[in-house]
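Here's the structure we're looking at; comments come further down.
Nothing here was measured: the structure is a model prediction, and the numbers come from that model. As a basis for the values below, the full set of heavy atoms in this structure was taken, side chains included, without hydrogen atoms, waters or symmetry mates. Numbered from 1 within each chain, the chains take letters A, B, ... in sequence-line order.
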Protein chains: 2
Amino acid sequence: MELRTLRYFVAVAEELHFGRAAARLRMTQPPLSRAIKQLETELGCVLLLRSPTGVALTPAGALLHEEACALLAQADRVRAHVTELAGPVTLTVGTLADSAEQFGTRLAAAYREHHPAARILIRESDLTDPTAGLRSGLVDVALTRAPFDDTGITTRTLRLERVGVVLRTDDPLAHRESLRLADLAERRWFRFPDGTDPVWQAYWTGSVEDGRRRDRLVVRTARECLQSVLWNGTVGLMPLGHALPEGLTVVPLTDMPPSRFVIAWRADGTTPLIRSFVRIAETVQRTADPTRVG
Amino acid sequence: MELRTLRYFVAVAEELHFGRAAARLRMTQPPLSRAIKQLETELGCVLLLRSPTGVALTPAGALLHEEACALLAQADRVRAHVTELAGPVTLTVGTLADSAEQFGTRLAAAYREHHPAARILIRESDLTDPTAGLRSGLVDVALTRAPFDDTGITTRTLRLERVGVVLRTDDPLAHRESLRLADLAERRWFRFPDGTDPVWQAYWTGSVEDGRRRDRLVVRTARECLQSVLWNGTVGLMPLGHALPEGLTVVPLTDMPPSRFVIAWRADGTTPLIRSFVRIAETVQRTADPTRVG
DNA sequence: ACGGCCGATACCGCCTCGGTATCATCACCG
DNA sequence: CGGTGATGATACCGAGGCGGTATCGGCCGT
């Protein structure tokens, strides 16, 4: 008699209909029927009277409904008390520029549900620090984009993001279905400030640096990068599927390895709170769009 | 946060030692450690301070210990109340002669643990009814021995029992390691009364009836069968591993298909109480001797 | 009589759970 | 100060449970 099973039973007892109860539980009807049957087997008595018109509670079922509600409520209180006593913890989350956007809001909402007492501080980082403050110790956990030098850092891939090149809409190449890096060999390429993570630098300058023009143009933020495309006609790379300002178009690159949207934390600083955040992040990503999970 | 996990945590919190807690829970240490870690992840806080000397509770852990105990106790009460309200039910169990013996006592004990209010009535049947009263409606569930005609009856095999031949200790064949049915072709064979289940009859007269002497000698009980061996020198078959009276020996038969010790109930009369009994029986058999499970 | 709704069943793939083997760390002790 | 034992953590594996899809059976309504 686990709490999960009791939650199932309460749903059926209140809906008096397996299909609706299953929908409320975000599952399908067959496993729900089976779970209730197992519960009846375990308790050794009939809880529900099934009929084609609907479901009725037996006396034992009605009693269990009441008791189960109380038990579940108490379980919720227990969890709340324990997490509360653990102290009002603050979790500092670093995000890489606009990477998080609507994913971040969904994640924050889910996290607050699990830890009502927790505070989340957001620290948005520019493109010069792919760890989004992790390595410098400014944040506990980072929502960012790989690849970067991850020594001492644990990363879990949330989804893969194909990368495209940003062009002015009036660019001759702007309306192609796709492009290859070689098509951009003669363009002006940006670079990051000196001291930027070399793996990161290499990736965003086309994975293989040689034979491509190293421009003096330095960008620090996504906005700078896009503006540089508009004003200077430089090459801009970015993951697909993000909003673009007027006058710009993004064309998929076929020979650019996809970027991984990851959640990362210091390998030596794994706390339950961080693990919890990571777990919730993975769940949120999975429920959001299972097809894109890497 | 399931009740199972809380039971684990309570064990560790009370033993303050993962190994001892695991032993108390009848499991090994690694999955216990993992479960606790997952619990900490879910709650987002540290519950236990590990050290090579032992384990200490954090304040949150101490609180959870208290609350979890209360929650588990309430869950037990809920189960008790619900099963109690379902009424003092009586389950009639049929057993085939002495088949059940110590298995039956263990099963009854386990069943009373789950259903303190239930009453168990035992009805011991002789060898003339392999369904032990199931088909005649005298019992709800039967602990018996297959094979028999099981149309309309559901059976679950609990274990396989090799069959041997019972001989007087002074019989020339009594000290052989094993025998084949052919070695007994010239012996006198018993039979069951007319009207006995034909599958059952065929099995205990050597699976293939032809070429073997059909004696007029009719046995109804295991005792009669054994006495008949002692007094008349007939052939007696029985599963190995049971106690024998003085002066008799059992020799394994190599070409006799093993008999299945089964639990059986009417296919059209499946109630939660019966399912519960079956489930417990399977668990008891498994924990008793996993190697012999069929 | 027949179509539709509802719960039950069969079957499948994945993930969790518990088990075995092994490692890392630290206390204790010679 | 290094060996040794104890303790918890980790890696990996196989089985079972759980949720999914597809389908069945049965009663109700028109």
Side-chain angles (χ1 to χ4, degrees), chain A residues 1-9 11-13 15-42 46-58 61 154 156 267-268 270-272 275 279 282-283 286-287 290-291 293, chain B residues 1-9 11-13 15-42 46-58 61 154 156 267-268 270-272 275 279 282-283 286-287 290-291 293:
Chain A
M1 200 178 72
E2 293 300 312
L3 294 180
R4 180 183 57 88
T5 315
L6 292 182
R7 274 183 278 267
Y8 289 2
F9 176 75
V12 178
E15 298 286 344
L16 292 177
H17 186 288
F18 277 81
R20 283 196 298 273
R24 181 167 132 185
L25 294 165
R26 307 288 173 92
M27 63 189 294
T28 54
Q29 169 258 323
L32 179 59
S33 290
R34 187 178 43 188
I36 299 297
K37 185 176 177 180
Q38 283 174 349
L39 180 62
E40 288 180 320
T41 299
E42 183 181 343
V46 178
L47 300 170
L48 299 170
L49 301 172
R50 286 86 160 167
S51 84
T53 66
V55 173
L57 286 172
T58 64
T154 308
R156 307 272 311 240
D268 61 353
T270 308
T271 71
R275 284 202 306 268
R279 188 179 181 83
E282 288 175 321
T283 304
R286 183 162 314 174
T287 58
T291 62
V293 173
Chain B
M1 199 177 71
E2 293 301 313
L3 294 180
R4 180 184 56 90
T5 314
L6 291 182
R7 274 184 277 268
Y8 289 1
F9 176 74
V12 178
E15 298 287 343
L16 291 178
H17 186 288
F18 276 81
R20 282 197 299 273
R24 182 167 130 185
L25 294 165
R26 307 289 174 91
M27 63 191 293
T28 54
Q29 169 258 324
L32 179 59
S33 291
R34 186 178 44 185
I36 300 296
K37 185 176 176 180
Q38 282 174 349
L39 180 62
E40 289 180 320
T41 298
E42 184 181 342
V46 178
L47 299 169
L48 299 169
L49 301 172
R50 286 86 160 167
S51 84
T53 66
V55 172
L57 287 171
T58 65
T154 307
R156 307 271 313 238
D268 61 353
T270 308
T271 71
R275 284 203 306 267
R279 187 179 181 82
E282 289 176 320
T283 304
R286 184 161 314 172
T287 58
T291 62
V293 173

In whole angstrom, what separates [X]'s [atom1] from [N]'s [atom2]?
X	N	atom1	atom2	answer
A:M27	D:dG17	CE	C1'	12 Å
B:R50	C:dA27	CZ	P	17 Å
A:K37	D:dG19	NZ	C1'	17 Å
A:E15	C:dG7	CD	P	11 Å
A:R20	C:dC5	CZ	C1'	12 Å
A:E2	D:dG16	CD	P	19 Å
A:R279	C:dC15	CZ	P	12 Å
B:Q29	D:dA6	CD	P	14 Å

Taking distance alone, no hydrogens or angles, what donor-acceptor pairs closer than 3.5 Å link side-chain atoms of residues 22-39 of chain B to residues at least two apart or in another chain?
| unit_1 | atom_1 | unit_2 | atom_2 | d |
| --- | --- | --- | --- | --- |
| B:R24 | NH1 | B:E14 | OE1 | 3.3 |
| B:R24 | NH1 | B:E15 | OE2 | 3.1 |
| B:R24 | NH2 | B:E14 | OE1 | 2.6 |
| B:Q29 | NE2 | B:S33 | OG | 3.0 |

Options [options], nucleotide nearest the side-chain atoms of [X]:
X	options	answer
A:R34	D:dA9, D:dG20, C:dC26	D:dG20
A:Y8	C:dG18, D:dG19, C:dA27	D:dG19
B:S33	C:dC17, D:dG8, C:dT20	D:dG8

Categorize [X] for me: base, sugar-phosphate, or nothing, with a 4.0 angstrom heavy-atom threshold over every strand shown.
X	result
A:R4	sugar-phosphate
A:Q38	sugar-phosphate
A:T28	base
A:P31	base

Report task. Please check if the side chain of B:E42 supplies one atom and the backbone of B:M1 the other of a donor-acceptor pair under 3.5 Å. Result ->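 Flag set: sc B:E42 to bb B:M1 pair under 3.5 Å.
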
Query - Side-chain donor/acceptor of B:T58 to backbone N/O of B:L47, under 3.5 Å - result: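 Checked: pair present.
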
Report task. Considering just the side-chain nitrogens and oxygens of A:H17, establish if one lies under 4.0 Å of OP1 or OP2 belonging to C:dC5. Result ->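 Answer is no, no contact under 4.0 Å.
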
Query raised in the report: If you count the non-hydrogen atoms of other residues, nucleotides and ligands that lie under 6.0 Å from CZ in A:R275, is the total more than 12?
Result: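 Yes - once you tally the heavy atoms of other residues, nucleotides and ligands closer than 6.0 Å, there are more than 12.
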
Query - Atom CZ of B:R20 with >12 non-hydrogen neighbours under 6.0 angstrom - result: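 Yes, CZ of B:R20 has more than 12 neighbouring heavy atoms, counting only those of other groups under 6.0 Å.
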
Requested in this report: Would you mind reading off the bend of the helix from C:dA1-D:dT30 to C:dG30-D:dC1 from its two end axes, five pairs each, to 10 degrees?
Outcome: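 Here the helix ends are tilted 20° relative to one another.
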
Requested in this report: Select from B:R26 and A:F18 the residue whose nearest nucleotide in DNA chain C is closer to the 5' end of that strand.
Outcome: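 Residue closer to the 5' terminus by nearest nucleotide: A:F18.
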
**Report entry** B:L48/B:L57 under side chain to side chain contact (heavy atoms under 4.5 Å, CB included): CA gap, chis, key distance, verdict
**Finding:** CA-CA 5 Å; B:L48 299 169; B:L57 287 171; 3.3 Å; yes

**Report entry** Distance, nearest 0.5 Å, that separates CD of B:E2 from CG of A:L6
**Finding:**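 Going from CD on B:E2 over to CG on A:L6, the span is 8.5 Å.
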
